[in-house]
Amino acid sequence: MEIGRLKYDVLFKKVFYKKHLLKAFLNTVLKQELSSPITDISYEPTDFIIEGKSLLVQKSKHDVIDVFCITQQKERILIELQKGYNKRALPRFLDYQCRNYSSQFRTGSDYTVVVPCYSICWFFDMKPPHKKVKETITLSSNCKKTDWHFEWKIIALYPQNIPKSHLEQQKIDQLEEWLLLDIIEDMEISQEIQQFFNTQEVKEAFETLDLSELSEEQLRRMMFEEEITKGYSDLYEEKIREAEKKTKKETEKEQKLAIAKNMLSQKMSIKIIAQLTGLSKDEITALIKE
């Protein structure tokens, strides 16, 4: 019998829209970053919503979960939990993180009072060039003494990097327990491996992923909708690639124009400049008029 993976939006939300599960997960992931544990969370509205007609998702289907948190020491924190499939998703995560940061402020706000922001990115089926299951991307100064102090981090999680030896030797740390939600797809294996877990919330999360309660039609619909979601992600990434190509093309054009200007200053003919740079005669003539 199979259990669902968190890559499906329905199951991603089914697990992390249970406050006690999300709180336990966040405290595990951010253990090294926070000075005290998160004690309270509230879900924030997100602008990144994909609407669907399915009764499973209604009109709240999206792969970003925004939460406002308060720690034991009364620190206020903004956290985004998102999921991705490849490294092309990182610019999208950075974009979301910037919006999360800027959404704190309104016209006339005190910009010196900054709420710490964390973006947790769960990557599916991706193996980075390093072997860590957690990678932290931080905005920070390289000076020990500085006036620039921001708690603004992107944390990438890579379940595929869990060492097989940890499973074989039953030496699984707390973060790996959570990340196994993406690795284990068989109910029998799941039940067997849960015997070695120390985190009760992870055991409950595994039970939440049981697909036996869903009909075949619901399962097919769920998988179809996941492809639609990935389509939106692919479209975003395509726009990124187009922007990169446009920037590269514009840079090359600027370089050619600079070279052409230099050639004109050396009294070279427009015909020769056009042959060497690939610029049109009109473009070169326009440089003379500048």
Side-chain angles (χ1 to χ4, degrees), residues 4-9 11-12 15-16 22 25-34 48 62-66 79-101 116-140 142 150-169 171-185 189 193 197 199 202 205-206 209 226-227 229-245 247-248:
R5 291 178 63 190
L6 286 180
K7 72 176 184 178
Y8 299 114
D9 280 351
L11 298 176
F12 188 76
V15 170
F16 291 121
L22 179 60
F25 171 73
L26 295 178
N27 278 325
T28 299
V29 175
L30 299 174
K31 187 176 181 179
Q32 295 176 333
E33 282 76 18
L34 301 179
F48 311 104
H62 56 80
D63 59 358
V64 181
I65 295 175
D66 287 336
I79 299 176
E80 266 184 351
L81 175 59
Q82 340 178 20
K83 58 194 183 72
Y85 298 88
N86 52 53
K87 65 181 181 181
R88 300 290 308 184
L90 274 174
R92 176 164 59 97
F93 294 157
L94 180 59
D95 177 30
Y96 288 0
Q97 178 73 326
C98 289
R99 294 176 192 231
N100 199 23
Y101 174 79
C117 293
Y118 298 93
S119 184
I120 301 173
C121 313
W122 188 306
F123 281 98
F124 298 94
D125 304 322
M126 178 178 161
K127 288 187 73 68
H130 56 76
K131 295 183 179 181
K132 293 185 178 181
V133 297
K134 175 184 173 182
E135 178 180 12
T136 304
I137 301 97
T138 308
L139 175 67
S140 62
N142 65 339
F150 292 98
E151 284 296 322
W152 194 47
K153 298 180 181 180
I154 294 179
I155 296 171
L157 303 176
Y158 305 103
Q160 294 295 328
N161 270 5
I162 296 176
K164 289 183 179 179
S165 59
H166 287 196
L167 295 173
E168 294 167 355
Q169 298 169 16
K171 294 181 179 179
I172 307 165
D173 66 30
Q174 197 172 21
L175 178 57
E176 289 173 345
E177 287 183 15
W178 282 103
L179 297 186
L180 284 173
L181 288 169
D182 177 43
I183 301 295
I184 308 300
E185 299 181 67
I189 296 175
I193 202 167
F197 288 169
T199 310
V202 178
F206 265 100
L209 297 181
E226 181 63 23
E227 291 304 313
T229 303
K230 287 178 69 176
Y232 277 87
S233 178
D234 291 342
L235 180 62
Y236 183 94
E237 290 164 13
E238 185 180 334
K239 293 296 182 185
I240 293 275
R241 287 194 291 271
E242 287 176 0
E244 288 174 349
K245 287 180 182 177
T247 302
K248 184 178 179 182

Separation of [Y] [atom2] from [X] [atom1] (nearest 0.5 Å):
{"X": "K153", "Y": "T138", "atom1": "NZ", "atom2": "OG1", "result": "5.0 Å"}
{"X": "L157", "Y": "L175", "atom1": "CG", "atom2": "CG", "result": "6.0 Å"}
{"X": "L181", "Y": "E176", "atom1": "CG", "atom2": "CD", "result": "13.0 Å"}

Exercise. Considering residues, nucleotides and ligands other than Q169, do more than 12 of their heavy atoms fall under 6.0 Å from its CD?
Worked result: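 Correct, the count exceeds 12.
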Check whether any side-chain heavy atom of [X] lies under 4.5 Å from a side-chain heavy atom of [Y], and answer yes or no.
{"X": "L180", "Y": "L167", "result": "yes"}
{"X": "V15", "Y": "F25", "result": "no"}
{"X": "I155", "Y": "I137", "result": "no"}
{"X": "W122", "Y": "Q82", "result": "no"}
{"X": "Q32", "Y": "T136", "result": "no"}
{"X": "L22", "Y": "L81", "result": "yes"}
{"X": "L209", "Y": "L6", "result": "yes"}
{"X": "F123", "Y": "D182", "result": "no"}

Exercise. Are W178 and F206 close enough that their ring centres sit under 6.0 Å apart?
Worked result: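 Between W178 and F206, the centre distance exceeds or equals 6.0 Å.
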For this session: For side chain to side chain contact (heavy atoms under 4.5 Å, CB included), just list the numbers for L179 and N161, CA-CA rounded to whole Å, side-chain angles, deciding distance to a tenth of an Å, and then say yes or no.
Result: CA-CA 10 Å; L179 297 186; N161 270 5; over 6 Å; no
For this session: Could you walk me through whether I79 and D66 pass side chain to side chain contact (heavy atoms under 4.5 Å, CB included), step by step?
Result: CA-CA 6 Å; I79 299 176; D66 287 336; over 6 Å; no
For this session: Would you please say whether a donor-acceptor pair under 3.5 Å links the side chains of E33 and Y118?
Result: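 Per modelled atom types, E33 and Y118 side chains form no pair under 3.5 Å.
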Problem set entry | Six-ring centre of F12, K83 cation under 6.0 angstrom, axis tolerance 45° |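 Geometry flag: set, cation within 6.0 Å and 45°.
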For this session: Check whether any side-chain N or O of K134 sits under 3.5 Å from a backbone N or O of Y158 as a donor-acceptor pair, and report yes or no.
Result: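 Answer holds: no.
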Problem set entry | K127 side chain vs Q160 backbone, donor-acceptor pair below 3.5 Å |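 Checked: pair present.
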